[in-house]
Amino acid sequence: MPSSVKDLLAAANSSVPTITPQDAKNLIEGGKVLVVDVRDGTELQSTGKVQGAKHVSRGMLEFRADPDSPYYDNAFDREKTVIVYCASGGRSALAGKTLQDLGYKDVRNLGGFKGWAESGGAVEKV
């Protein structure tokens with residue numbers, strides 16, 4: 001059982017594949033993908049987000065992703081590929097592992113928003 005955040009991150013990173021911005025762009029263009037930004041709202045306001053991404057702060061993810069929750073968001077679909085990202089990749093790795101634990105089979109970690117933006121990925125203002 002993990003005993004530190006370092007252990008939790010190592011477990012998450014070994015379970016959730018990391019993808020490049022180009023891989024993410026290809027998946028998004030292919031459709032049937034949900035992109036989830038798990039950063040805080042203030043982060044989105046200062047930088048924007050991946051175009052079309054669903055914002056769900058890390059603290060609400062389980063509630064939004066579980067169909068049995070009264071806070072469920074029907075954008076979440078276990079049949080879709082889910083791409084998660086945050087500012088640097090840590091929260092998104094943990095979020096990805098949580099989604100896997102909730103039964104999402106195809107979850108990918110884009111890592112940090114900065115890498116997406118610097119690669120020319122589409123960004124929208126919040």
Side-chain angles (χ1 to χ4, degrees):
M1 178 165 205
S3 61
S4 69
V5 73
K6 182 179 177 181
D7 293 339
L8 289 169
L9 282 169
N13 284 321
S14 70
S15 181
V16 181
T18 301
I19 60 172
T20 67
Q22 187 58 53
D23 291 338
K25 289 173 194 172
N26 292 340
L27 286 168
I28 292 166
E29 288 171 6
K32 200 129 168 96
V33 173
L34 172 64
V35 181
V36 181
D37 186 321
V38 297
R39 298 177 297 159
D40 295 332
T42 54
E43 292 173 281
L44 271 73
Q45 290 175 352
S46 66
T47 63
K49 64 179 183 146
V50 171
Q51 187 174 27
K54 172 68 97 178
H55 173 241
V56 178
S57 64
R58 176 68 189 93
M60 285 299 295
L61 183 66
E62 292 87 340
F63 300 100
R64 298 282 189 231
D66 183 353
D68 294 329
S69 167
Y71 302 103
Y72 176 66
D73 183 327
N74 63 10
F76 284 86
D77 178 347
R78 290 184 174 125
E79 301 304 313
K80 290 182 179 177
T81 296
V82 181
I83 300 171
V84 290
Y85 72 92
C86 62
S88 62
R91 286 176 288 178
S92 54
L94 295 171
K97 178 68 170 93
T98 296
L99 289 170
Q100 288 177 337
D101 292 346
L102 287 171
Y104 290 81
K105 306 232 181 317
D106 188 8
V107 182
R108 320 281 179 94
N109 183 1
L110 177 58
F113 175 77
K114 184 178 178 182
W116 171 264
E118 289 177 350
S119 76
V123 173
E124 67 182 64
K125 298 286 185 193
V126 177

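Model, not experiment: these values are computed from the prediction.
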For this session: Cation-pi check, Lys49 to Trp116: give yes when NZ or CZ is under 6.0 Å from the six-membered ring centre and within 45° of the ring axis, no otherwise.
Result: no
Exercise. Looking at CZ of Arg64 and OG of Ser57, how far apart are the two atoms once the value is rounded to the nearest 0.5 Å?
Worked result: 8.0 Å
For this session: Answer yes if Val16 and Val50 sit in the same cluster of Ile, Leu, Val, Met, Phe, Trp and Tyr residues linked by side chain heavy atoms under 4.5 Å apart, and no otherwise.
Result: no
Problem set entry | Point-to-point distance, once rounded to the nearest 0.5 Å, from CG of Leu102 to NZ of Lys97 | 10.0 Å
For this session: Decide side-chain contact (heavy atoms from CB on, under 4.5 Å) for Leu34 and Asp77; before the verdict, give the C-alpha distance in whole Å, the side-chain angles of both, and the deciding distance to 0.1 Å.
Result: CA-CA 8 Å; Leu34 172 64; Asp77 178 347; over 6 Å; no
For this session: Using side chain to side chain contact (heavy atoms under 4.5 Å, CB included) as the criterion, point out the one residue from Thr20, Ile83, Thr18, Val84 that pairs with Leu110.
Result: Ile83
Exercise. Hydrophobic cluster mates of Leu44, side-chain heavy atoms under 4.5 angstrom, ILVMFWY only, any path?
Worked result: Val126
Problem set entry | Ser119 versus Pro21, closest heavy-atom pair with distance | OG-CB, 3.2 Å
Problem set entry | Atom of Cys86, atom of Val38 and distance for their closest heavy-atom approach | CB-CG2, 3.8 Å
Problem set entry | Whether over 12 other heavy atoms sit under 6.0 Å from Lys114 NZ | no
Seminar exercise, completed: In Ile19, Val33, Val35, the residue satisfying side chain to side chain contact (heavy atoms under 4.5 Å, CB included) with Thr81 is Val33
Exercise. Which atom names give the shortest non-hydrogen contact between Ser92 and Asn109, and what distance separates them?
Worked result: OG-OD1, 2.6 Å
For this session: Could you give me the CA-CA distance, side-chain angles and deciding distance for Tyr71 and Val56, then say whether side-chain contact (heavy atoms from CB on, under 4.5 Å) is met?
Result: CA-CA 11 Å; Tyr71 302 103; Val56 178; over 6 Å; no
Exercise. So, Gln100 side chain and Ser15 main chain: donor-acceptor pair closer than 3.5 Å or not?
Worked result: yes
Exercise. Measuring from Ser69:OG to Glu62:CD, what's the distance to the nearest 0.5 Å?
Worked result: 10.0 Å
For this session: Quick one: pull up CD1 in Ile28 and CG in Asp23 and give me the separation to the nearest 0.5 Å.
Result: 11.0 Å
Exercise. How many angstroms lie between NE2 in His55 and CG in Asp40, if you round to the nearest 0.5 Å?
Worked result: 6.5 Å
Exercise. Do Leu9 and Leu61 sit in the same hydrophobic cluster, where Ile, Leu, Val, Met, Phe, Trp and Tyr count as joined when their side-chain heavy atoms come under 4.5 Å apart?
Worked result: no
Exercise. What is the minimum heavy-atom distance between Ala93 and Asn13, and which atoms define it?
Worked result: CB-OD1, 3.3 Å
Exercise. In Å and rounded to the nearest 0.5 Å, what is the CZ to CG distance from Arg78 to Leu99?
Worked result: 9.5 Å
Exercise. Are Tyr104 and Phe63 connected in a single hydrophobic cluster, I mean Ile/Leu/Val/Met/Phe/Trp/Tyr linked by side-chain heavy atoms less than 4.5 Å apart?
Worked result: yes
Problem set entry | Close side-chain approach of Thr47 and Val123, heavy atoms under 4.5 Å | no
Problem set entry | Nearest heavy atoms of Tyr85 and Asp37, plus distance in Å | OH-OD2, 2.6 Å
Exercise. Looking only at heavy atoms, what is the nearest atom pair of Lys25 and Gly120, with distance?
Worked result: NZ-C, 3.9 Å
For this session: Take Tyr72 and Asp66, measure what side-chain hydrogen bond (donor to acceptor under 3.5 Å, both in side chains) needs, and give me the verdict at the end.
Result: CA-CA 6 Å; Tyr72 176 66; Asp66 183 353; over 6 Å; no
